[in-house]
Amino acid sequence: MFLSVFDLFKIGIGPSSSHTMGPMTAARRFLDEILAGDWPRPAGVKVDRIGASLHGSLAYTGIGHGSDRAVILGLAGETPQTVDPDEADGIVARIGADKRISPPGHPTYRFDPAKDLVLDRKTPLTGHANGMAFYAYDASDRLLLKRIYYSIGGGFVVSEEELQRMKAKGSVTTEGKKVPYPFKNAVEMLAMAAKSGLSIAEMKRANEEKHMSREELDAGLDAIWSAMKGCIDRGLSQDGIMPGGLKVRRRARQLHDKLQEQWQQNRPNPLLANDWLSIYAMAVNEENAAGGRVVTAPTNGAAGTLPAVLRYWLHFHPEADQPSIRDFLLTAAAVGGIIKSNASISGAEVGCQGEVGSASAMAAAGLCAVMGGTPEQVENAAEIALEHHLGMTCDPVGGLVQVPCIERNALGAVKAVTAASLAIKGDGTHFVPLDAAIETMRQTGLDMNEKYKETSLGGLAVNVVEC
């Protein structure tokens, strides 16, 4: 049972890993299936038109999250990792005008987004709240191929058949990869750490290096942090109104300038660390809301929490160095993999406890580890952070990843640092195990009313008047 660090930390564009990166990836998968041609069709008949429908949460909040835009970009041949955010709007506008798509390696297909891309709020797909269907037609509009995909959080996309196999196995982890430390929960993780004498980061590194060289792993980890840091820096340099119609103004740059002024004047500020944490997280999530390049950590909606805590580590701790950045990310990924395998990181499935709650737990674990925490203290830090996000709903106003998502990431970062600080001062023994908190999150998500799970049908989404 194995989830790579690169499964959890994916570089892509905002505003949502489930609603942007997932649909874009699914569209590309459908194109690949068309090209592969290993599906039944009459001899000589070719695909002439493509259609798509979004269901469940993707339909309810698709416009606000840019899911429709993501599908169009995916069908144009773009990927979340390589699409230029500055070129995306031009690509979408051109396809809307031409009513055709010409993905690389394919012929030109008819595709009119106004007619061929449907947000179907009446027909949920049973596998997952984030469901979508793609269709291929011949020149007579006869259906040749239909495929259903689900965006299950963090940019992961599975077919209907793959989802059923995962449910049967009780896991969404990568299959077929043997690793030296195959822990599937926190109890096993701690037992393996005790037996081996290794840290969580060292065990995670050993697992990763079973499938890649140390140089490849370190280069990949450095690229993740470079993308996170770049996102923070860009977010701190931008201002103005974010897209989407809520007229929410960026605040990170202005707050950053004020903090810099206080920093230079040596004015006492007992909340200084919290202020920097909040600004770093807000910078990332403002970039995400604007469709910029971010790293899932473990999702786009929760992308600011972990980078903010890591930047805080580098800012306030003189012992921070490049190897500690890698250990932070490896430890965070180990905890994130346990959460995803045993519960969910999808807001549409379990609410925001699965997004910002998971991110805060991952960040707390990473910080505790680089501060010298034992595996038991690291597990305690993750549990504290997750426990105090339990029950958190996902109720974005207007379906946009802006309110309350941007500030929620900031508070998730503050909780993560607090959790790590509490855990490092103890000996690792505590009352609630991390596995119990994860299972509680899963059960709470199952019990949570659907209107509080990324549908914008309840909570702040209906109690805040849009301007």
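Everything quoted here is computed from the prediction, not taken from an experiment.
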For the side chain of [X] and the backbone of [Y], is there at least one donor-acceptor N/O pair under 3.5 Å apart?
X: Ser324; Y: Asp321; result: yes
X: Ser57; Y: Glu454; result: yes
X: Lys184; Y: Ser341; result: no
X: Arg253; Y: Ser237; result: yes
X: Asn207; Y: Tyr181; result: yes
X: Asn380; Y: Glu376; result: no
X: Ser17; Y: Asn300; result: yes
X: Asn288; Y: Val294; result: no
X: His128; Y: Asn130; result: yes
X: Glu286; Y: Arg251; result: yes

Contact summary for [X] and [Y], nearest pair of heavy atoms:
X: Leu386; Y: Ser358; value: CD1-N, 4.2 Å
X: Ile13; Y: Thr20; value: O-CG2, 3.8 Å
X: Ala420; Y: Ala381; value: CA-CB, 3.9 Å
X: Val309; Y: Ala416; value: CG2-CB, 4.0 Å
X: Ala365; Y: Thr331; value: O-CG2, 3.6 Å
X: Cys394; Y: Gly347; value: CB-O, 4.1 Å

Got a second to check how far [X]'s [atom1] is from [Y]'s [atom2], nearest 0.5 Å?
X: Thr418; Y: Ile384; atom1: OG1; atom2: CD1; value: 9.5 Å
X: Asp447; Y: Arg442; atom1: CG; atom2: CZ; value: 9.5 Å
X: Asp68; Y: Leu73; atom1: CG; atom2: CG; value: 9.5 Å
X: Met371; Y: Phe328; atom1: CE; atom2: CZ; value: 11.0 Å
X: Arg121; Y: Leu58; atom1: CZ; atom2: CG; value: 12.0 Å
X: Leu54; Y: Tyr60; atom1: CG; atom2: OH; value: 13.5 Å

Taking the side chain as C-beta and beyond, is there a heavy-atom pair between [X] and [Y] under 4.5 Å?
X: Ser456; Y: Val397; result: no
X: Val401; Y: Met242; result: no
X: Ile152; Y: Lys340; result: yes
X: His430; Y: Glu379; result: yes
X: Ser344; Y: Met441; result: no
X: Ile224; Y: Phe6; result: yes
X: Ser4; Y: Glu208; result: yes
X: Ile91; Y: Ile72; result: no

Exercise. Just checking, any donor-acceptor pair under 3.5 angstrom between side chains of Thr61 and His19?
Worked result: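 Judged by distance alone, the side chains do pair up.
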
Exercise. Do Gln260 and Gln264 have a side chain donor and acceptor closer than 3.5 Å?
Worked result: no

Between [Y] and [X], is there a salt bridge with N-O shorter than 4.0 Å?
X: Glu78; Y: Arg69; value: no
X: Glu387; Y: Lys415; value: no
X: Lys453; Y: Glu450; value: yes
X: Asp239; Y: Arg249; value: no
X: Asp218; Y: Arg205; value: yes

Problem set entry | side chain to side chain contact (heavy atoms under 4.5 Å, CB included) between Arg29 and Ser159, worked out | CA-CA 9 Å; Arg29 275 193 66 171; Ser159 68; 4.0 Å; yes

Exercise. Is the number of heavy atoms from other residues, nucleotides or ligands under 6.0 Å of Gln254 CD greater than 12?
Worked result: no

Problem set entry | Qualifying residue, where the test is side-chain contact (heavy atoms from CB on, under 4.5 Å) with Ile325 and the options are Asp222, Leu330, Val370, Leu310 | Leu310

For this session: Identify the residue among Thr393, Asn409, Val356, Asp395 that makes a side-chain contact (heavy atoms from CB on, under 4.5 Å) with Pro404.
Result: Asp395

Problem set entry | Test side chain to side chain contact (heavy atoms under 4.5 Å, CB included) applied to Thr374 and Asp427, step by step | CA-CA 8 Å; Thr374 65; Asp427 61 3; over 6 Å; no

For this session: Tell me, with the steps shown, if Met189 and Lys204 meet side chain to side chain contact (heavy atoms under 4.5 Å, CB included).
Result: CA-CA 10 Å; Met189 179 179 71; Lys204 184 64 175 168; over 6 Å; no

For this session: Output, in order, the C-alpha distance, side-chain angles, deciding distance and verdict of side chain to side chain contact (heavy atoms under 4.5 Å, CB included) for Arg311 and Trp225.
Result: CA-CA 10 Å; Arg311 184 73 168 256; Trp225 170 239; 4.1 Å; yes

Problem set entry | Ring-ring centroid check Tyr280 His256, cutoff 6.0 Å |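 They do not qualify: ring centres at least 6.0 Å apart.
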
